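Working notes for the structure below.
Predicted model only: the values in this text are computed from it and were never measured. In what follows, chains are A, B, ... by sequence order, proteins preceding strands, each numbered from 1.
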Protein chains: 2
Amino acid sequence: MSYASFASMPCTLSRPAALLGERWTLLLLRQIFLGTRRFEDFQTTMEISRSVLTDRLNVLLQEGVLKRVPYQDDGRTRYEYRLTQKGKDLYPVLMALRTWGEKWMAPEEEESFHLHHRDCGGGVRAKVECTDCGAELTARDVQVTARS
Amino acid sequence: MSYASFASMPCTLSRPAALLGERWTLLLLRQIFLGTRRFEDFQTTMEISRSVLTDRLNVLLQEGVLKRVPYQDDGRTRYEYRLTQKGKDLYPVLMALRTWGEKWMAPEEEESFHLHHRDCGGGVRAKVECTDCGAELTARDVQVTARS
DNA sequence: TAGCTGAGTTCGAAAAACGAACGCAAGGGA
DNA sequence: TCCCTTGCGTTCGTTTTTCGAACTCAGCTA
């Protein structure tokens, strides 16, 4: 009656934080954004236990972050896991993590992959901005107002 | 020998994802960004068990996300938990979660707090952009290249 | 001296995660 | 036909985490 309550709180930050804050979920999303789609591939590349993998995939399905899409395997129909639009919209969350990781967790030039803008070849980074004036914002630029 | 290995992988996404992907950690950071600083306050407002709270705070201390800062309480010196610069730089991660939550998890106008730019009063949102041309990017605009 | 408070620590019970084995449906080869 | 393989789970006994109530401890305060 405590962790679960954050998942149903009327707060647009606590609900996503509770969902993605379950063990393995962020790492699973990373793997999905890197292109993994099938149960067996998640299991072998991540070394996650099969029962937990089943559970996490089901939660993401229920939440509408993933969907099951049929594919052909030697003539048989099987299903793979793909991002819905809701899932794809999590991209900024992953990129924010990576932007932070690049700044604070990269002892040297170690990255297992590079990201760049297809059109111009530039780098990729997450930022927070004002929807009105477009300024880049940090925590101190933002006023928090409790709601009645 | 599996979840922990992501925390030491040479990947600037998996390391932050493993760190913040532990249960309670994202919710704890949310609470910190909302202004909570003291053990007792975390414990009562979040209803987290005291032993897990101790553990999570210690991990964030070790990682340099939080620091202990002395304060006076009835003449005695106590310590509270505050964000370091590394911790403050997690703001975009939280804002990306919230931006997503606003779009996909808000049935009606329910938010427990409002955020706005101090200077102009505008809204706040996270986005991903190209460091060269400044274009806003989605997953499909970004090329992933494995490193040798 | 006794009580209170903030900040943990301890410990037995409950829940979650682990991992190896099992199930199962469909295709392929002998 | 029978058996093997594959992909995708499910089961189940063991280990790890989490829970939560009680305990500790230091330093005020009455």
Side-chain angles (χ1 to χ4, degrees), chain A residues 1-8 14 17-32 35-63 66-82, chain B residues 1-8 14 17-29 31-32 35-62 66-82:
Chain A
M1 192 49 196
S2 58
Y3 190 89
S5 70
F6 282 95
S8 56
S14 73
L19 174 64
L20 304 190
E22 286 287 2
R23 210 170 199 238
W24 288 111
T25 303
L26 279 174
L27 290 169
L28 185 52
L29 286 170
R30 163 181 178 273
Q31 205 64 43
I32 291 169
T36 304
R37 290 172 179 172
R38 300 181 188 176
F39 188 92
E40 215 62 27
D41 294 336
F42 289 122
Q43 208 276 312
T44 54
T45 63
M46 298 175 67
E47 295 180 83
I48 183 178
S49 80
R50 303 175 81 80
S51 47
V52 173
L53 176 56
T54 299
D55 178 75
R56 295 301 182 271
L57 288 171
N58 285 334
V59 169
L60 293 175
L61 283 174
Q62 276 174 227
E63 289 290 333
L66 298 180
K67 61 186 170 191
R68 285 159 62 87
V69 175
Y71 73 97
Q72 293 307 112
D73 169 61
D74 279 334
R76 345 175 19 185
T77 301
R78 292 189 175 286
Y79 293 85
E80 60 188 14
Y81 297 90
R82 295 227 204 175
Chain B
M1 193 44 197
S2 57
Y3 190 90
S5 70
F6 282 95
S8 57
S14 73
L19 173 62
L20 303 191
E22 286 289 2
R23 213 172 195 234
W24 288 110
T25 303
L26 279 175
L27 290 170
L28 185 53
L29 285 170
Q31 205 64 44
I32 291 170
T36 304
R37 290 172 179 172
R38 300 180 188 178
F39 188 93
E40 216 61 27
D41 294 337
F42 289 122
Q43 209 275 313
T44 55
T45 63
M46 298 176 67
E47 296 180 81
I48 183 177
S49 79
R50 304 176 78 82
S51 46
V52 173
L53 176 56
T54 299
D55 178 75
R56 296 300 181 271
L57 288 171
N58 285 335
V59 169
L60 293 176
L61 283 174
Q62 275 174 227
L66 299 181
K67 61 187 169 188
R68 285 158 62 86
V69 175
Y71 73 97
Q72 293 307 113
D73 170 61
D74 278 334
R76 3 188 347 201
T77 299
R78 292 190 175 286
Y79 293 85
E80 60 187 14
Y81 297 90
R82 296 226 202 177

*Student check: side-chain heavy atoms of B:Gln72 and B:Thr77 closer than 4.5 Å*: yes
*Minimum side-chain heavy-atom gap B:Phe42-B:Leu57 below 4.5 Å*: yes
*Could you tell me whether B:Glu80 and B:Arg68 make a salt bridge, using a distance below 4.0 angstrom between a side-chain N and a carboxylate O?*
no
*Touch check for A:Tyr71, heavy atoms < 4.0 angstrom, all strands: base, sugar-phosphate only, or nothing?*
sugar-phosphate
*Take atom OH of A:Tyr79 and atom C1' of D:dG7, then tell me their distance rounded to the nearest Å.*
14 Å
_Would you say B:Arg68 places a side-chain N or O within less than 4.0 Å of OP1 or OP2 belonging to C:dG8?_
yes
*Check whether NZ of the Lys or CZ of the Arg B:Arg37 lies under 6.0 Å from the centre of the six-membered ring of B:Tyr71 and within 45 degrees of that ring's axis.*
no
*Please check the phosphate of C:dA16 (OP1 and OP2 only) for any side-chain N or O of B:Trp24 closer than 4.0 Å.*
no
*Please give, in whole Å, the distance from D:dT6 C1' to A:Gln72 CD?*
15 Å
_For a quick check of understanding: with a heavy-atom distance under 4.0 Å over all strands, which category does B:Tyr81 fall into, base, sugar-phosphate or nothing?_
sugar-phosphate
*Test item: B:Trp24 and B:Ser49 side chains (from C-beta on) under 4.5 Å apart, heavy atoms*: no
*asked:* Rounded to whole Å, please give me the gap between CG in A:Leu57 and P in D:dG9.
replied: 7 Å
_Distance in angstrom units between B:Arg23 CZ and C:dA14 C1', rounded_ = 12 Å
*Look at the side chain of B:Glu40 and decide which nucleotide, out of D:dG20, C:dA7, C:dG8, has an atom nearest to it.*
C:dA7
*Report yes or no: is there a donor-acceptor pair, N or O only, under 3.5 Å between the side chain of B:Arg76 and the base of D:dA26?*
yes
*asked:* I want to verify a distance call: between D:dC8, C:dA7, D:dG20, whose nearest atom is closest to the B:Phe39 side chain?
replied: C:dA7
*Calculate the interatomic distance between A:Leu53 atom CG and D:dT10 atom P; express it in whole Å.*
11 Å
*Protein-nucleotide distance (B:Ile48, atom CD1; C:dG8, atom P), rounded to Å*: 13 Å
*For atom CG of B:Asp55 and atom P of D:dT18, their distance in whole Å*: 7 Å
*Of A:Arg56 and A:Arg78, whose nearest nucleotide on DNA chain C comes first from the 5' end?*
A:Arg56
*Determine the contact category for A:Ser51: base if any of its heavy atoms lies under 4.0 Å from a base atom, sugar-phosphate if only primed atoms, P, OP1 or OP2 are that close, otherwise nothing.*
base
*State whether the distance check finds a donor on one side and an acceptor on the other, under 3.5 Å, for side chain B:Arg50 versus base C:dG8.*
yes
_Distance, rounded to the nearest Å, where A:Asp73 contributes CG and C:dA25 contributes C1'_ = 12 Å
